[in-house]
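Report on the following structure.
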Amino acid sequence: TAGSINDGGWSQLAKEGLDKLKAGGVKTTVIQKVGADAAATELRDLAADGWSLIIAHGYEFLNPATEVAKTLKGTRIAVSGADVERPGIVTIDFDVSQASYQLGVIAGRLTKSGKLGFIGGGAFPSVKACYRGFLAGAKSVRADATVAEAYTSWDQVTQNKAQAEAFIAQGIDQIYPDVDAAAKGIYEAVAERNTAKPDALVWTYGCVGDANANPAAGKWTLASAVIRLDNAFAHVAKSASDGTWKPGVVRENLASGTCVAVLNPTLVGGVLTPAIQAEVEAAGKQLVAGTITIP
Amino acid sequence: MSAGILVDALLTGAVAAATPLLVAGLGELAAERAGVLNIGIEGLMLAGCFAAFAVTAATGNPWLGLGAAVLAAMALGGVFAVVSLTCRADQIVAGMAVNLLAVGGTGAAWRILQDRGLTDLPAGSGFTRGWTGIPALGELPVVGPLLFDQYGMTAFALVLAGVLALVRRRTRLGLVLHGVGQDPHALAASGVRVLGVRWGAVLFAAACAGLAGAYLSTMRTHAFVPLMTGGTGFVVLALVMFGRWSVGGLVVGCLLFGLAESAQQGLQSLPGARVVPHQLFQALPYLVALIALALAGRSAPGPAALGRPWPER
Amino acid sequence: MIAARTVWPALIPFAAAVAALGLILAGLTLVGYAPGEVLATAWRGLAGSPLRLGIWAQEATPLLLTGLAAGLAFRCGVLNVGTEGQYLMGAVTALAVLLALPPSVLSPWLAALAGAGAGALWCALAYGLDRWRGVPLVLSAILLNVVAARVLGALVEGPLHDPTTAAPQSALVPEAARLGALLPGTALTLAAPLAVALAVASWLVQRQTALGFEFTVIGLNPVAGDLAGIPVESRRRLAALGSGALAGLAGAFQVAGVTWFLSGDAQSYGYAGIAVALLGRLHPLGMIPAALFFAGLDISGRQWERRLGIPHDLGDVAKGAAVALVLAAGFFRGRR
Amino acid sequence: MNGPVPPPRIAVAGVSKSYAGIPALDGVDFQVPAGVVHGILGENGAGKSTLMKILYGLVRPESGYVRVDGVDLPGGSPAAAARAGIGMVHQHFALVDDLTVVDNCILGAGRGLGLVDRAAWAARIRQFAGRLQWTIDPQARIADLGVGQRQRVEIVKALLAGGGQTRVLILDEPTAVLTPQEVDELIPALEALAAGGTTVLFISHKLHEVERLCPTVTILRRGRVVYDGPRPERDAMTRLMVGEVPPVLGLHATASPGESRLEVRNLEGGGLHDLSFTVRAGEVVAVAGVDGNGQEPLIRAILRDARAVTTPGLAPEDRLGGIRRLGLIPDDRQHEALVLPLSLRDNLVLKEHRRFPFATSWGWLRLGRWRAHAVDLLTRYGVRGGGPDTPAQDLSGGNQQKVVIARELHRNPGLIIAVNPTRGLDLAASADVLRALAAARDAGAAVLLIHHDLEELLAVADRVLVLFGGRIREAPSRERSAIAGLMLGSPTP
Ligand SMILES: Nc1ncnc2c1ncn2[C@@H]1O[C@H](COP(=O)(O)OP(=O)(O)OP(=O)(O)O)[C@@H](O)[C@H]1O
Ligand SMILES: Nc1ncnc2c1ncn2[C@@H]1O[C@H](COP(=O)(O)OP(=O)(O)OP(=O)(O)O)[C@@H](O)[C@H]1O
Ligand SMILES: [Mg+2]
Ligand SMILES: [Mg+2]
């Protein structure tokens, strides 16, 4: 992993995903906080240690992995979070935009002001896809909804909190963060606001990890667009062991059951009325069927 | 949406961002007045930030966290003082070493904390906003958002600024600090223990930096993420210089910088903003600091002995 | 007397490094690791085979270059703590050149030149703010470090972005334009011997040339230097530009020979270089073992982590402790 | 020695102190009764300042004790000394320039760290100054005061520290920076203090001042008391201090001056007004004047090649060539001439390090030559205390100055500029320096000597210019009192 396995975000999820495989009897190890500069070395080291499958968790490992894969025998490399086809390796592409669309449906239904906000840790395409999905979902149920977007940082909690506060001040009452571990700041802002003004609640969501039970604002987190990494890892692990391994892009999305919207169970039946639930489910079916596409 | 609310939000954000800068800045101001330039302030803030979080997470008592932040930062500040004052190594370089130590130390300690599952503060254990406990005060126009709809640290920062201004103008301590930074020879000849004063100033600055760090983790966000001070300490150094080593100047500088930060947040969500790379917005406060420093020029030199070891040989 | 003067100072950094390591080992022993196993793991990772040695040298290379960069400036009294940003600017400029030019064997060297130039320019910016606008170099350099990281991020997501991916990373340097590996299985390139050659050259310049002598004089007493007819400002400018160029060169070599691309939050070796310079007591040759020590800690840290489950942030603690110890032992006394 | 009752005001017994194993004071004993002005004499480095710092608690003696009125003074505590009624004025000003007089007095004489009452302090400052017939503006910034005023502030500060009943006032070379007239004004004030019962310990290298003020003296040599008692005759005093009769000076030129080497024409700016003069080969032109009357801007103008300054005899090269060809002995050797951490070898070659034979034309250093050169100069100029590899910082002040002189004069430069070249040196070392300058002049150099010590200046000068208030005037005669008058601004007679 690129980050620390306890970063409360992307890298930690990978560790948890891996732990689930481990529970299923697979032998695993983790090496964390590897920068692109040392990635090739680490990949070779792991291969030399005899691991049969290396999951390089992060797009920044794509190039080193491609390079290392040229010389490897018996070890397979999967790069999770990358979306490009490269010879010799499997890349796992996560498309969260469809799940984001489902969250957008909820947001569109529950917003009072019609103003929604999206905060991304960086302004690159996979993040923007979540924004577009969220926007499209919201518009599908409330045509006049607007989604303000802002890009902050994946690790600066303070900055993200300040950004969320700025959104709230603008009258935004639904905030969808895609900022990894730094979402703590956004949840903090939401919690603070809702404690102060319980009569005009601001709602929030989770992205990538399941934030429905986050300690700060779990009460006000409606749903999360989750990447089931254990699911994805199990897919590649299976193909690596049963001989179906084929270099190329594995597309993980709503249909594959890996990138899904998970409603907050404590709010289901309350704020998340059966009607909304039904709508979210319907949208999901249409997305899988391809009758709805994200622009 | 009325403009008034947006302005209020802008000001609230500005003050919230200015608070840690001011607290750490006041400490650094005292140290620089005494002739010590500590660019390890970033590391000290990080140490405080972590220690406050760790102890609050473990005990549920944020006051203990504050105490831990002060102690941790002072311990690290003590390392800086030993190296740069007692051993007379170059202050800049010693500051860099402190930063390294803080980054490594908090990184490793954070892992230990996580292994114990202490990655979140127990519910309701952080400090809460609206330090007076009277929500109505926060609704007051202007002073509400500026002063009352904030954490206690903001009030503390203002009190500390007042106290420091008073110390500078009206006490012998203020004169001693000034003299030690301006002409340590003269002070030593009068029997003032120059090194002792500098040690005191450095430890005070460390304590302030620790509090500023604690603000970030136990007040402003109730969270810790490695490296979460994100360069604030370096901005503090720029602001002390920008404020010409005066308390008033520092307060103004912190507010301006806070406004730049806060405005950056508002600007990002403007309709046309996406044309500009978002990194530019994030670089904005730093560019503002650079430009402000460049425009301020070299009109007033700092304490004459700033950065110099004592005794010189 | 002479012996005591010349031998002890050279030994102090080694003692500091050993002491810092000892500190870490003691800590690990306390929490239940076997120190022998920890050391053995580190040793196998560093020197277990020629390949491992190659990797060690590979990782020490950027540290040595940024160390030389910081050392050159510090010796002349220019406190360039902006090597972090200069490295990044060098890296991203080199990348732009590598991607723009038709690939050839010359490409990496052109990129290295461009990277060095960019590093020098970035340092010139800080130097100019100090010289003409009175912003202390230390401050302007640090603030520019942050700006450089943002500029790199914007470039990598903007003009240099790899159009085939949604990830914030640049396109890959074509194979023909890369700096080839000397040892297959590593990214040990000509950059490594070149860095050592630069260290030796720095040392010769410092010891044996009028220019180096003037740098030393200015670093120790600029007033006396000025009155001795040394053009102080022009020498300082030269040191600043040279320092920036070396840092930029480090970044350029890393892109041309090791990573072949940059992501939005690329790693920099600038601050680490400052620590290397200090541990090497600003002596260009001393920086070679210092760079190896730091790179060794990085590699061992990862080995410890993978095999023993030890957090590798401990390596950073050891680095900070070693530098603090060297400082406390009285090398690099404050300026007058 | 003194009567058993009452005990002496100050009694020092068996006081020793060494620095790095070298004794600075070695078993010093002496006593002074109340209400006298007592002289402490000795060469540079004899240990006078160290002894005074021990009395004031700034330095802790290794053995021995100090008693004030029969009461032991705890060592190493300036606060205790102040409580015992000791005030001290240091050899160098101990005033913070950018603070006011009041603030400096509060700093230097106050205690504790709490709130200050500036009005009350200002009143006391006026009161104490009034007793000595002085007027001091408590609100003035030190930076705006002249040296005479500063010295008064120092004295008042020292008296304030004693809290109104100063029993001992220590004055370490208080007259070193004063004009003769200012000295004349200081002396009655000190006498008044003594008459009021205060004991004044007075240190000075100027024996005529000691003769005016001090009925009794203690003479130190190499950290030991060599005499203690009534003031001896002048010759006896110098013998006691130096151990031999001081060298006689009288080093005027014998030949007539040659071509012009330095021309200053209508130099303006930096506080200078229409300055013009010429220095020719084979003459020493001395610039007398009290510090602060334009010496600094004048030196700066010459070194920075102001347009008004031409050096006809020197290279038509750039300033750098010019400076290298110039023999420059700057005011502050440690900061302006030497690179203290570098070796003597390096310091002796600095300036010529790019030139043949010390470097090739490519700038490659020939360090073997450096060493031989250093060895040669160290012996020729009699530098003691180190070899070519010794760092300059390990030498004593006088030897450091010799290194500077060796470097600057061995090349027989056509023009020499020397600023206070004997500052901090004892009589013998001073004479060496002046002789070296005279020898260079006799060898054909043009010498510009800017010097604060009138006696020494007159010993070697062929012509004397006086700098006052940024203007320069040629002294009509070499008569001491006339020049002293010009230095204080009296109109040309
Ligand atoms: N802090 C110190 N460290 C080392 N040596 C010292 C120190 N202070 C004084 N000395 C040495 O002690 C000796 C006595 O010095 P001191 O300053 O007392 O001389 P002095 O009689 O006052 O001379 P001067 O007339 O030049 O003022 C000298 O050799 C001096 O170098
Ligand atoms: N601050 C100091 N630290 C260490 N050693 C010192 C210090 N000052 C002086 N010394 C040493 O003490 C010795 C005497 O030095 P000092 O400058 O007092 O000589 P001095 O008696 O005044 O001679 P000179 O007349 O040549 O100045 C020298 O050898 C010098 O190295
Ligand atoms: Mg001396
Ligand atoms: Mg003295």
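Since the model is a prediction, treat every value here as computed from it, not as a measurement.
- Using a 4.0 Å cut-off between charged nitrogen and carboxylate oxygen, D:Asp103 and D:Arg141 do not count as a salt-bridge pair.
- Between B:Val176 and B:Leu187, the shortest heavy-atom contact is O-CD1, 4.0 Å.
- Heavy-atom pairs under 4.5 Å with chain B were tallied for D:Leu107, D:Asp97, D:Leu58, D:Ile106; the largest tally goes to D:Leu107.
- At distances below 3.5 Å, not a single donor-acceptor pair connects side-chain atoms of B:Thr19 with backbone N or O atoms of B:Met153.
- At a 4.5 Å heavy-atom cutoff, B:Ala304 makes no contact with chain D through either its backbone or its side chain.
- Looking only at distances, a side-chain donor or acceptor of B:Arg172 sits under 3.5 Å from a matching main-chain atom of D:Gly112.
- Of the two parts of D:Leu99, only the side chain, counted from C-beta on, holds a non-hydrogen atom closer than 4.5 Å to a non-hydrogen atom of chain B.
- The shortest side-chain heavy-atom distance between D:Lys157 and D:Leu95 falls under the 4.5 Å cut-off.
- Looking only at heavy-atom pairs under 4.5 Å with chain B, the residue among D:Ala79, D:Gly110, D:Gly57 that has the most is D:Gly110.
- Per-residue counts of heavy-atom pairs under 4.5 Å with chain B were compared for D:Asp117, D:Asp98, D:Asn104; the largest is that of D:Asp98.
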